[in-house]
Protein chains: 2
Amino acid sequence: MVLAGDDAVMRPRLGRAPSTTHADLSHTALRLFMEHGFDATTVEDIAREAGIGRRTFFRYFPSKNDLPWGDFDRLLEGMRDHLASMPDELPLMEQLRRSILEFNRFPESEWEYHRRRMDLLLHVPTLLAHSTLRYASWRQVVAEHVARRLDLPEDDLIPQTMAWTCLGVCLAAYEQWLGDADAYLLDLLDEAFRLIDERIDTDIVRAHRSSHA
Amino acid sequence: MVLAGDDAVMRPRLGRAPSTTHADLSHTALRLFMEHGFDATTVEDIAREAGIGRRTFFRYFPSKNDLPWGDFDRLLEGMRDHLASMPDELPLMEQLRRSILEFNRFPESEWEYHRRRMDLLLHVPTLLAHSTLRYASWRQVVAEHVARRLDLPEDDLIPQTMAWTCLGVCLAAYEQWLGDADAYLLDLLDEAFRLIDERIDTDIVRAHRSSHA
DNA sequence: ATACTAATGACACTCAGTGCCGTTAGGGAA
DNA sequence: TTCCCTAACGGCACTGAGTGTCATTAGTAT
């Protein structure tokens, strides 16, 4: 479903076969989280339910917190490529808007699953805290693109601020989405992006660049 | 220094006297964090160094992660009041800029301490993750003000997005500050705010409000 | 059948955080 | 002074996440 990933695709012909997959573990765990809550579900519960040892669990996921993330890294690579392939004529914010919307596009059959997953990630304190670390890579992808496009260093104030802003816009839209069972995520994201649109205007960027030469 | 707090100010006349203070524990801990690193310092180390029992430590701070925060909640109350006292004539972004700068103003004697503290909070993964939970209250204060000022619900997309944006601006500025030993925090914050300035313009807000009546 | 190899799972360990409960050290009242 | 009341302390035992070590298992190739 969400985890297509590397499991089971091409197993090397040597050694014992893996006894489960990332996707399987993730789905089992999410079911338990929904049923009993995140905190009340122990890693041992998950391992038992999945029919593996507790120790083996930690060979699939570095922590309990990573379970609901699916293959975020692969999606993120997709966004990076999408950004890189944007035509230069397009305004920067429009490039970002399009790629970020693409990053958040899922087949309708997965909407409910995605909603439950994001509800966990944004409403369980432990997971919310952990999410910061994932979003740091997301921001980095945005910042790299902005930096390249504006010809500024990646760690410059402007790319970093724009990356934070994009993240904030997305998370605000996600909260709206989670709060309204009938809402469409992409519509909300689109609306949120229109709020900021071309907020960093060209003159400011030019002035900034020359003052930091 | 940073923790003026409630300790020692007016102890009720009954019962055993506390054997330490929040400020004392916090400073001791920060010293150990600087010397040996956050992860390598155990709660037991801190308690021993402070001359209290491990169990007592957890009566002062709910977790090891809370040690570097000082009395963030009191500062935050200050920012809430500052925002509430802003003259109505001032543009919204200007109100936010002024109050947020005020929130980040410290006496020069504390700059070095503040720098080391923030370096921990933003660069130690565990603390960075935990910071999300603190910043949620910070964003809430900003969102409340924006909502009041624009006559929108607090959980509306606009206040939430603006709150996220302000947070992002601040954190991007903080990163710049931490990366340059000679930089001035307030200057960087000011510069970062100028980048976004009056980004949510009046027409957009009006259109948004009427479409969500 | 045997050898090689990768995944597994059991065990022991560290550390954060919590519940429980007896102990300690203050101040007030007799 | 002595006794009492009370809040803070601190020891103990426990849960649960995460890690290092190592023997075992189950595949494939020879």
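Per chain, numbering begins at 1; letters A, B, ... match sequence-line order. Heavy-atom basis, side chains included; hydrogens, waters and symmetry copies ignored.
Taking only side-chain nitrogens and oxygens, A:Y60 never comes nearer than 4.0 Å to OP1 or OP2 of C:dA7.
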Using a cut-off of 4.0 Å between protein heavy atoms and nucleotide atoms, how would you tag nucleotides 15-22 of chain C 5' to 3' with B, S and -?
SBBBBBB-
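We find that CZ of A:R16 is positioned 18 Å from C1' of C:dA3, with the value rounded to whole Å. Protein atom CG of B:L14 is 5 Å distant from nucleotide atom C1' of D:dT6, rounded to whole Å. Following rounding to the nearest Å, A:I52 (CD1) and D:dT25 (P) show an atom-to-atom distance of 18 Å.
Shown here are the side chain to side chain donor-acceptor pair (under 3.5 Å) partners of B:R115, two or more places apart in sequence or in another chain: there are none.
Because its NZ or CZ atom is not both nearer than 6.0 Å to the ring centre of B:F57 and within 45° of the ring axis, B:K64 does not count as a cation-pi partner of that residue.
The aromatic rings of A:W177 and A:H114 are tilted relative to each other, their planes meeting at an angle between 30° and 60°.
At a threshold of 4.5 Å between non-hydrogen side-chain atoms, the residues B:W164 and A:L171 count as touching. Residues A:W69 and A:S26 form no side-chain contact, since every pair of their non-hydrogen atoms from C-beta on lies 4.5 Å or further apart.
Residue contacts for B:S19: at a heavy-atom cut-off of 4.0 Å it reaches the sugar-phosphate backbone alone, with no base atom in range.
For the residue pair A:E154 and A:Q160, no side-chain donor N or O sits within less than 3.5 Å of a side-chain acceptor on the partner.
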